[in-house]
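Small disclaimer: the values here were computed from a predicted structure and weren't measured.
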Amino acid sequence: MAETVVPITTDNLKQCIEFKVFNSEPWNESWTYETAKERLTDLFHAPKFAGFFWKNNETPIGFIAGNSKTTYQEITFYLEELRPPNKKTIINF
């Protein structure tokens, strides 16, 4: 198993959009492909965007994305989207 993490680019954004459609358990949301595309494309083009895409060989398995914002004291990163590689994945920060 060759898992890798790469930056989100225009080349793999479509695969992230397909992950955004969390209409099954445990999320049960009502995303369409078009609404997911709009949300993630807007985020991708946000100032100070950062995102990473997980894949196993060439099979997509997850992503994480957000952007930084400057406050009067510091720069803060806002995590906007997270799709772990599977439902049982625990991510520690």
Tyr78: partners by ring pair (Phe, Tyr, Trp, His ring centres under 6.0 Å), with sequence neighbours left out: none
From [atom1] ([X]) to [atom2] ([Y]), nearest 0.5 Å:
X	Y	atom1	atom2	value
Glu80	Asp42	CD	CG	11.0 Å
Lys14	Lys37	NZ	NZ	9.5 Å
Glu3	Asn56	CD	CG	5.5 Å
Phe63	Asn12	CZ	CG	10.5 Å
Asn67	Glu81	CG	CD	11.0 Å

Evaluate side-chain contact (heavy atoms from CB on, under 4.5 Å) for Lys55 paired with Gln15, printing each intermediate quantity in order. CA-CA 10 Å; Lys55 60 185 180 176; Gln15 294 169 308; over 6 Å; no
For [X] versus [Y], what's the shortest heavy-atom pair and its separation?
X	Y	answer
Ser68	Phe77	OG-CD1, 3.6 Å
Phe53	Cys16	CD1-SG, 3.5 Å
Ala65	Ile8	CB-CD1, 4.1 Å

Could you walk me through whether Ile17 and Tyr33 satisfy the side-chain contact (heavy atoms from CB on, under 4.5 Å) test, starting with their C-alpha distance in whole Å, then the side-chain angles of each, then the deciding distance to 0.1 Å, before giving a yes or no? CA-CA 7 Å; Ile17 292 165; Tyr33 181 85; 3.4 Å; yes
Could you tell me which residues satisfy side-chain hydrogen bond (donor to acceptor under 3.5 Å, both in side chains) with Thr70, sequence neighbours excluded, listed by chain and number? Lys48
Keeping the roles fixed (side chain from Thr41, backbone from Glu38), state whether a donor-acceptor pair exists under 3.5 Å. no
